[in-house]
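Because only heavy atoms are used, hydrogens play no part in the values below, and waters and symmetry mates are left out as well, while side chains stay in. Along the sequence shown, residues carry numbers from 1. These numbers were taken from a predicted model, which means no experiment stands behind them.
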Amino acid sequence: MAKKVLFINQEITPYVPETEMSILGRDLPQKTQEAGFEIRTFMPKWGTINERRGQLHEVIRLSGMNLIIDETDHPLIIKVASIPTSRLQIYFIDNDDYFQKRQMSANESGDDYADNGERAIFYARGVLETVKKLRWTPDIIVCQGWISAVVPFYIKKAFNEEPSFANAKVITSFHENQLKSDLGEDFTKLVDFKEAQSSLLEGYAKPFDFMELGKLAIDYSDGIIEAGKDVNPELLAYAKEKNIPVMSNPGDDYAQSYADFFNKIAGE
């Protein structure tokens, strides 16, 4: 049977402008599918995405769940669209508080949103709850960007006994630094969910910033990919110190390298 790969992306073009990350977010799932894997792809429904132009529509059977963060209910809205040129289907995680009328990491003035940590928590839990509803069981989960960096922690601690994720391997894909500010003093408390206890984050430095978020992702990942040209060398060194398999940046002709790495991690 074909191995199943879940892509939890931050950026996918054409829904956001072309960047190194957004182009890979579009092309890698397609190339992975062409290599014989079964895939599912997610990204946030950033407020800058034009729903009419992108032909997004809500999936009623998947929407309607409330995620409780800091004792507050946050409705989870799921939308879907397909990239016409590739027929690649994308699931979008949406919420009025975290994504509607808001850009990615920073506002119009260039200041990072103070609740970026909380947004990452909502996105991680939103994707994983939706995959459960899809009754789909990934073999590999690939996390791209700061918005997905909480996923490895939740997979290994909060969702590890769920049938959808019990045997899943997690790969974190690093690009350049994307956050200038820390995730807020409440981040370690807000991340608390089931067995993913905030006490497990006590060993990380404060304030909890992009570097600490990267280390958290590494600590609960089964593999690391140097996906960009300017990946923080400290994070790559940290992964190697932890004896976690690291795939170096394969350059432009990357399809086979990724397929081989996915098979290697899935087989371990």
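By the criterion of side-chain heavy atoms lying less than 4.5 angstrom apart, applied directly or through intervening Ile, Leu, Val, Met, Phe, Trp or Tyr residues, Val80 is grouped together with Leu128 in one hydrophobic cluster. A single hydrophobic cluster is seen to contain both Leu88 and Ile12, as judged by linkage of ILVMFWY side chains at heavy-atom distances under 4.5 Å, directly or through other members. Connection of Ile141 to Met21 is not established within any shared hydrophobic cluster, with ILVMFWY side chains joined at heavy-atom distances below 4.5 Å, either directly or through further cluster members. A continuous path of ILVMFWY side-chain contacts below 4.5 Å connects Met211 to Leu179, so both sit in one hydrophobic cluster. Cluster membership check: Phe99 shares its hydrophobic cluster with Ile8, using side-chain heavy-atom separations under 4.5 Å among Ile, Leu, Val, Met, Phe, Trp and Tyr.
A distance-only check finds no donor-acceptor pair linking the side chain of Arg125 to the backbone of Tyr154 [under 3.5 Å]. When atom types are taken as modelled, the side chain of Ser63 and the backbone of Ile60 share no donor-acceptor pair closer than 3.5 angstrom. The backbone N or O of Glu11 lies less than 3.5 Å from no partner atom in the side chain of Asn9, so there is not a single donor-acceptor pair. No side-chain donor-acceptor contact under 3.5 Å links Asn66 to the backbone of Asp73. Of the possible polar contacts, none joining the Asp70 side chain to the Leu190 backbone as a donor-acceptor pair under 3.5 Å is found. Looking only at distances, no side-chain donor or acceptor of Asn160 sits under 3.5 Å from a matching main-chain atom of Ala166. Side-chain atoms of Asn249 come within 3.5 Å of backbone N or O of Gly228 as a donor-acceptor pair. Between the side chain of Gln103 and the backbone N or O of Gly47, no donor-acceptor pair lies under 3.5 Å. In terms of modelled atom types and a separation under 3.5 Å, the side chain of Asn116 and the main chain of Leu183 share no donor-acceptor contact. With hydrogens and angles disregarded, a donor-acceptor distance shorter than 3.5 Å links the side chain of Glu212 to the backbone of Ala205.
Note: Arg26 CZ to Thr85 OG1 = 6.5 Å, rounded to the nearest 0.5 Å. Summarising the geometry, atom CG belonging to Asp182 is positioned 11.0 Å from atom CG belonging to Leu213; distances are rounded to the nearest 0.5 Å. Atoms CD and OG1, on Glu162 and Thr137 in that order, are 11.0 Å from each other to the nearest 0.5 Å. Atom-to-atom distance recorded for Lys133:NZ and Ser164:OG is 13.0 Å, nearest 0.5 angstrom. Within the model, atoms CD1 of Ile49 and NZ of Lys79 stand 9.5 Å from one another, a figure rounded to the nearest 0.5 Å. Between the OH atom in Tyr123 and the SG atom in Cys143 there is a gap of 9.0 Å [rounded to 0.5 Å].
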Legend entry - Working for salt bridge (charged side-chain N to carboxylate O under 4.0 Å, His left out), residues Glu34 and Lys31: CA-CA 5 Å; Glu34 290 169 355; Lys31 291 180 186 295; 5.6 Å; no
Legend entry - Verdict with supporting geometry, Asp209 and Lys215, salt bridge (charged side-chain N to carboxylate O under 4.0 Å, His left out): CA-CA 10 Å; Asp209 58 11; Lys215 291 176 182 178; over 6 Å; no
Legend entry - Intermediate values then yes/no, side chain to side chain contact (heavy atoms under 4.5 Å, CB included), Ile147 and Arg119: CA-CA 7 Å; Ile147 194 71; Arg119 298 168 86 204; 4.3 Å; yes
Inset, instruction - Evaluate the criterion side chain to side chain contact (heavy atoms under 4.5 Å, CB included) for residue pair Phe187 and Val150; output intermediate values, then yes/no. - result: CA-CA 11 Å; Phe187 174 74; Val150 184; 4.1 Å; yes
Inset, instruction - Evaluate side chain to side chain contact (heavy atoms under 4.5 Å, CB included) for Ile224 paired with Met247, printing each intermediate quantity in order. - result: CA-CA 6 Å; Ile224 300 298; Met247 186 184 98; over 6 Å; no
Inset, instruction - Step by step, work out the side chain to side chain contact (heavy atoms under 4.5 Å, CB included) result for Tyr254 and Asp27. - result: CA-CA 10 Å; Tyr254 56 79; Asp27 293 348; 3.2 Å; yes
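Here ring pair (Phe, Tyr, Trp, His ring centres under 6.0 Å) pairs that include residues 215-234, with residues two or more places apart or in two chains, are Phe153-Tyr220. Applying the salt bridge (Lys or Arg N to Asp or Glu O under 4.0 Å) test to every pair with at least one member in residues 233-242, sequence neighbours left out, gives these pairs: Asp219-Lys242.
Open room surrounds NZ on Lys206; 12 or fewer heavy atoms of other groups in view lie less than 6.0 Å from it. The environment of CG in Asn167 is sparse: at most 12 heavy-atom neighbours from other residues, nucleotides or ligands sit within 6.0 Å. Within 6.0 Å of CG on Asp253 lie no more than 12 heavy atoms contributed by other residues, nucleotides or ligands. No more than 12 heavy atoms of other residues, nucleotides or ligands sit less than 6.0 Å from atom CD of Gln55.
Side-chain contact check for Ser173 and Gln144: no donor-acceptor pair (N or O, by modelled atom type) lies under 3.5 Å. With 3.5 Å as the limit, one finds no donor-acceptor pair spanning the side chains of Thr41 and Gln89. The closest side-chain donor-acceptor pair between Glu38 and Trp136 falls under 3.5 angstrom. Side-chain contact of Thr13 with Ser22: a donor-acceptor pair under 3.5 Å is absent, judged by distance alone. A side-chain N or O of Asp94 and one of Gln100 form a donor-acceptor pair less than 3.5 Å apart.
In this structure, Asn107 and Arg102 have side chains that are not in contact, with every pair of non-hydrogen atoms separated by 4.5 Å or more. Looking only at side-chain heavy atoms (C-beta outward), Tyr91 and Lys45 stay at 4.5 Å or farther from each other. Looking at Phe42 and Leu6, their side chains come closer than 4.5 Å, going by heavy atoms from C-beta outward. Ile265 places a side-chain heavy atom less than 4.5 Å from the side chain of Ile171. Within the 4.5 Å cutoff, the side chain of Met43 has heavy atoms near those of the Val16 side chain. Side-chain contact check for Tyr204 versus Thr188: every heavy-atom pair is 4.5 Å or farther apart. Looking only at side-chain heavy atoms (C-beta outward), Thr172 and Pro152 come within less than 4.5 Å of each other. No side-chain heavy atom of Tyr113 sits less than 4.5 Å from a side-chain heavy atom of Ser105.
Here the two rings, on Phe92 and Tyr15, have centers that are under 6.0 Å apart.
Nearest heavy-atom pair, Phe165 versus Lys132, reported as atom, atom and distance to 0.1 Å: CE1-CG, 3.8 Å. The heavy-atom pair separating Leu200 from Glu195 by the smallest distance is CD1-O, 3.9 Å. When all heavy atoms of Asp222 and Lys156 are compared, the closest pair comes out as OD2-NZ, 2.9 Å. The two residues Glu129 and Phe193 make their nearest non-hydrogen contact at OE2-CZ, 4.3 Å. Ala227 approaches Tyr258 most closely through the heavy-atom pair CB-OH, 3.7 Å. Shown here for Ile39 and Pro29, the closest heavy-atom pair between the two residues is CD1-O, 3.4 Å.
The aromatic rings of His74 and Tyr98 lie tilted to each other, with the angle between the two planes from 30° to 60°. Ring pair Phe37/Phe262 is perpendicular by interplanar angle, where above 60° counts as perpendicular and below 30° as parallel.
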